[in-house]
Amino acid sequence: MPLSATPAAAAAPAFVEKAALTTYVAPNKPSLVGLSRAELAEAFAGIGVPPAQLKMRVQQLWHWLYVRGAQNFDAMTSMSKELRAELDRHFTLARPEIMAEQISADGTRKWLLRLTGDHPGLPPPEVECVYIPETDRGTLCVSSQVGCTLNCSFCHTGTQRLVRNLTAGEIAGQVMIARDRLGDWVGQGSRPASDGAAVVPTEGSRLVSNIVMMGMGEPLYNFEAVHDALAIVADNEGIAISKRRITLSTSGVVPLIPRVGAEIGCMLAVSLHAVSDTVRNELVPLNRKYPIAELLAACRAYPGLTNAKRITFEYVMLKGVNDSIADAKGLIRLIKGIPAKINLIPFNPWPGSRYECSDWDQIERFSEYVFKAGYSSPVRTPRGRDILAACGQLKSTTEKLSARERLALRAMAMTE
Ligand code: SAH
Ligand code: SF4
């Protein structure tokens, strides 16, 4: 999430040790998290559940997993002990492993997650996930890839090579981890531990109410997994976050934009960042393949656009590069006729980056121009400064947990 970062002392993650574990052996079993109903039926069939029962069993598991947030089969009391034991012999309900959790004074939370698939000699794949509470919503910023193949020149993720795509389970698993840690499953009803001065959504009953695919990676270069994960997150009988509260951000993979509309049906955000191909080629090199005109044509054709259902154009404010009033005029000209809102993002510098964030009064002038032209143009308030909760640079600065803290956290997850 592109939030402005100030090198401040990182809040030390607080952990309560609930059990002392000496050794931990990673389960050598597949997780059922992220499987479709058809795949779950196959899993049940594979452990001998008769065909006539499959639908009902899948329904039960789905409920425990995605309504109740069960972390082990034991909790699934509507199934027989024998079936639970059989499930436990073959499968887990594991989400990605939490390596670090940091909580900002403003309530923003950041998790560093380790994925499976270590390669000898290489660090294990890790991604970040950030929770941003506001008074009217709680937004979770979710990652889709470890690294990115695109090299946007202002983005730190762009400097990291693509390690691998996330699976549907690892993408949906981020939402589950956030709900686990926030106590946001049905029947839990707890509030974040650090409520104190922190912002907490007061509307509705959910702490995680909105999802943005704006973490690490280009979601449209991992289309199938993102599609399957969002289907789980939006499923009415499960997590049930409305598709209107799910936003997928793309740097402009034009051929796949129609499929987002037709097959995922969520809201679309487009990382525009410039109004001429010359500047955009520099900032978002993918523009050389899919130039602005083609990108905007795909946006115009996006299904279901109305004033209540608008495309978000993201625009990172880079001093002297794309932040003049002439740029603002160009922006308004370009998006004319598209139901749109514009997200002005203060550039988030990272060590070695070649840009500076625009001056604050320039951002305000730009915003004012866009607003007067009739577009909502919120400037994203920097959040989570004290924990550096910023897109693509979280991992490099996150304080790693000691092995002991990780075990304690795992123990907590198992006993909560
Ligand atoms: N790959 C997708 C989604 C992830 S990036 C995309 O590019 O849209 C989410 C948003 O953060 C994008 O708009 C991206 O351009 C922006 N971003 C990346 N690095 C940033 C930085 N250092 N400062 C501000 N915004 C940044
Ligand atoms: Fe990848 Fe998005 Fe960063 Fe570009 S801005 S490098 S597409 S994550």
Side-chain angles (χ1 to χ4, degrees), residues 1-6 127-130 132 139-163 165-166 171 174 211-223 226 230 246-254 256-257 260 266-274 279-290 295 298-299 311-319 321-323 341-358 363 378-385 388-397:
M1 203 59 190
L3 304 162
S4 187
T6 310
V127 287
E128 294 118 5
C129 178
V130 182
I132 302 152
T139 304
L140 191 71
C141 179
V142 171
S143 293
S144 57
Q145 299 183 307
V146 185
C148 187
T149 50
L150 301 170
N151 302 100
C152 301
S153 53
F154 57 90
C155 173
H156 191 242
T157 307
T159 65
Q160 301 164 28
R161 66 181 190 89
L162 177 72
V163 177
N165 281 338
L166 268 62
I171 297 169
Q174 293 170 61
I211 305 291
V212 291
M213 296 300 304
M214 293 185 188
M216 290 178 85
E218 168 49 57
L220 295 192
Y221 279 165
N222 187 13
F223 188 90
V226 168
L230 294 182
I246 301 176
T247 303
L248 182 150
S249 172
T250 179
S251 57
V253 186
V254 168
L256 290 176
I257 290 178
V260 178
C266 64
M267 306 298 286
L268 184 68
V270 170
S271 293
L272 191 58
H273 305 319
V279 178
R280 196 163 190 270
N281 285 346
E282 273 303 303
L283 300 180
V284 186
L286 186 67
N287 193 69
R288 298 195 190 119
K289 205 164 173 190
Y290 307 118
L295 177 56
C299 291
I311 290 188
T312 302
F313 288 100
E314 293 159 281
Y315 199 96
V316 62
M317 297 299 290
L318 303 169
K319 189 173 187 167
V321 176
N322 64 356
D323 64 349
K341 51 189 164 190
I342 294 158
N343 243 342
L344 298 179
I345 314 171
F347 170 61
N348 208 350
W350 34 275
S353 59
R354 61 173 117 133
Y355 301 103
E356 274 179 74
C357 183
S358 307
I363 297 181
V379 181
R380 257 187 226 164
T381 346
R383 295 289 303 274
R385 281 166 180 270
L388 300 171
C391 172
Q393 51 191 327
L394 307 163
K395 205 174 73 170
S396 42
T397 49

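Order of listing sets the numbers, starting from 1, for every ligand and every atom in it.
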Task: Element-labelled atoms of ligand 2 that are located less than 4.0 Å from some non-hydrogen atom of L150 - done: 6 (S), 7 (S)
- [ ] Please state whether the separation between atom 4 (Fe) of ligand 2 and some N/O/S atom of C155 is under 2.8 Å?
- [x] no
- [ ] State, without any angle test, whether E218 and T250 hold a side-chain donor-acceptor pair at a distance under 3.5 Å.
- [x] yes
Open item on the list: For a quick test of reading the model, state the closest non-hydrogen atom pair linking V254 to A298 and the distance between them.
Closed with: CG1-CB, 4.1 Å
Task: Winner among S271, P346, C155 once heavy atoms are compared against atom 6 (C) of ligand 1 - done: S271
Task: Contacting atoms of ligand 1, where contact means under 4.0 angstrom from a heavy atom of I345 - done: 24 (C), 25 (N)
Open item on the list: Taking 4.0 angstrom as the limit and counting only heavy atoms of V316, give me the atoms of ligand 1 inside it, by number and element.
Closed with: 24 (C), 25 (N)
TODO: With the side chain counted from C-beta on, respond yes when P285 and L150 share a heavy-atom pair under 4.5 Å apart, and no when they do not.
DONE: no
Open item on the list: Using the side-chain hydrogen bond (donor to acceptor under 3.5 Å, both in side chains) criterion, which residues pair with N222? Sequence neighbours excluded.
Closed with: none
Open item on the list: Students often mix this up, so state it plainly: with edges at 30° and 60°, are the rings of H156 and W350 parallel, tilted or perpendicular?
Closed with: tilted
Task: Of the listed options H273, E314, M317, M213, closest to atom 14 (C) of ligand 1 (non-hydrogen atoms) - done: H273
Task: Which atom of S271 lies closest to which atom of V284, heavy atoms considered - done: O-CG2, 4.5 Å
Task: Sub-4.5 Å side-chain heavy-atom contact between Y221 and C148 - done: no
- [ ] Decide whether the shortest distance between a heavy atom of G217 and an atom of ligand 1 is less than 4.0 Å.
- [x] yes
Open item on the list: Need the ligand 2 atom indices (1-based, order shown) with element for anything under 4.0 Å from a heavy-atom of S251.
Closed with: 7 (S)
Open item on the list: With heavy-atom distances below 4.0 Å as the criterion, list the atoms of ligand 2 near C148.
Closed with: 1 (Fe), 6 (S), 7 (S), 8 (S)
- [ ] Applying side-chain contact (heavy atoms from CB on, under 4.5 Å), name anything that partners L162, two or more places apart in sequence or on another chain.
- [x] Q145, T149, N165
Open item on the list: On a heavy-atom basis, which atom in A274 and which in Y315 lie closest, and how many Å separate them?
Closed with: N-CE1, 3.7 Å
Task: S353 near ligand 1 by a heavy-atom separation under 4.0 Å - done: no
Open item on the list: I need the atoms of ligand 2 closer than 4.0 Å to a non-hydrogen atom of G158, numbered in the order shown.
Closed with: 6 (S)
Open item on the list: Is the contact between T250 and ligand 1 made by the side chain, the backbone, both, or neither, using heavy atoms and a 4.0 Å cut-off?
Closed with: backbone
Task: W350 and ligand 1 - part of the residue with a heavy-atom distance under 4.0 Å - done: side chain
